[in-house]
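Here the structure comes first, spelled out in structure tokens, and everything after it is commentary.
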Amino acid sequence: MGLLNRMGTVVKAKMNKLVGKLEDPRETLDYSYEKQLELLQNVKRGVAEVTTSKKRLELQKGKLLQNIDKLDSQARDAVKADREDLARLALERKNGLQSQIQSLDQQIEGLNKDQEKLQATEKRLSAKVESFRTKKETIKAQYSAAEAQVKITESVTGISEEMADVGLAIQRAEEKTENMKARSAALDELLEQGTLEDFTGKEDDIEKELAKISATSNIESELASLKREVGK
Amino acid sequence: MIVRIMGEGQYKVSSSLLDELNAIDNRIVNYVGKESESDFRSELTKLIATVKNNGTPIDDAEIVESDIIIPPEDMTLEEATEIFSGQGLIED
């Protein structure tokens, strides 16, 4: 069985749960419509949530940039005072912060995409909900019970599929933002403690060593240019 | 036939595309089995691009059931594995 078949089964199972079993088919219409409105609210909340997360990361990035400025001037002062050891330490920290900023930039970019996607989802769902509402009233007013049954099944099935899809999109976006919140809180804590090493994680030993070498050479060249600038 | 790309909406495509989609789907199954992330990713991207390039988007206000449902483009290999193991992607 392929991925497409499986995906279809997963969505169908979710759809059946959404429709539920109601005695009067006409009630199914109202029940589904209520659920659609709830879902639409959830999407709106999802968009707001992603926007908030993005703002939080942008604030954090701002803080890191400020810290970098501070470390820059500290390194300069240290060189002036012939304290190469201190200057090196400041530059090392700066290097750590810079890689944090890169990772924040990636996360912000990711959230941007999520935000756009959810906004498109909201637009799509709200068009469908509106068209369902019109259909619902027409079915109730114009069709006999037997005819209505067929119409109801058609439109409820169609909208339930959309709802299953949207439900999943929100769920995944929420998981992502939860994840980022945790990372972001951890970063805040590390920033306060002044220890930022190894936070990026996921690297293997070789990558770590290579990163260290490139960081060291960056630091050394920056130190050299600082020395030239202050005439030491 | 109607194809849904999850998270993106539905497209109307010719039924003649089915064989091509099935072929890609089979390769995806194979790559998920081998846990090959990059191959899985490129085939899923190809699957979605095939539908988009050969289909016409269905109007937002139209309510219609799909014949085929394609997972979201950013689905991870782990999520795909979960689907195959029957754990499902969507919580109840």
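We name chains A, B, ... by the order of the sequence lines, and we start the count at 1 in each one. As the structure is a computational prediction, the values presented were derived from the model and not from experiment.
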Segment of B/I28 engaging chain A (4.5 angstrom heavy-atom cut-off): side chain

With a 4.5 angstrom heavy-atom cut-off, is it the side chain or the backbone of B/I5 that approaches chain A, or both, or neither? backbone

Mind checking which of residues 40-52 of chain B sit less than 4.5 Å from chain A, heavy atom to heavy atom? B/F40, B/L47

Are any of the side-chain nitrogens in A/E222 or A/K94 under 4.0 Å away from the carboxylate oxygens of its partner? yes

Top contributor to chain B interface from A/E154, A/R124, A/K128, A/E162 [non-hydrogen pairs under 4.5 Å]: A/R124

Salt-bridge contact A/K12-A/E161 (side-chain N to carboxylate O under 4.0 Å): no

Please classify the contact of B/E62 with chain A as side chain, backbone, both or neither, using a heavy-atom distance under 4.5 Å. backbone

Please tell me if the side chains of A/K54 and A/Q107 come closer than 4.5 Å, counting only heavy atoms from C-beta onward. no

Counting only heavy atoms closer than 4.5 Å, note whether A/K135 contacts chain B via side chain, backbone, both or neither. side chain

Partner residues of A/Q119 under the side chain to side chain contact (heavy atoms under 4.5 Å, CB included) criterion, sequence neighbours left out: A/V47, A/Q115

With rounding to the nearest 0.5 angstrom, report the CG to CG distance, B/D25 to B/D19. 12.5 Å

Listed by chain and number, what are the side chain to side chain contact (heavy atoms under 4.5 Å, CB included) partners of A/D30, not counting sequence neighbours? A/K136, A/K140

Heavy-atom distances under 4.5 Å only: say whether A/E130 touches chain B with side chain, backbone, both or neither. neither

Do A/K181 and A/E49 sit within salt-bridge range, that is, some charged N less than 4.0 Å from a carboxylate O? yes

Any idea which of B/E65, B/R4, B/E8 has the most non-hydrogen atom pairs under 4.5 angstrom with chain A? B/R4

N-O pairing of A/K55 and A/E58 below 4.0 Å: no

Quick one: do A/V156 and A/F132 satisfy side chain to side chain contact (heavy atoms under 4.5 Å, CB included)? Show the steps, please. CA-CA 8 Å; A/V156 170; A/F132 183 90; 4.2 Å; yes

Who pairs with A/K117 by side chain to side chain contact (heavy atoms under 4.5 Å, CB included), at least two apart in sequence or on another chain? B/D74

Which bit of B/I68 is near chain A, if near means a heavy-atom gap under 4.5 Å: side chain, backbone, both or neither? side chain

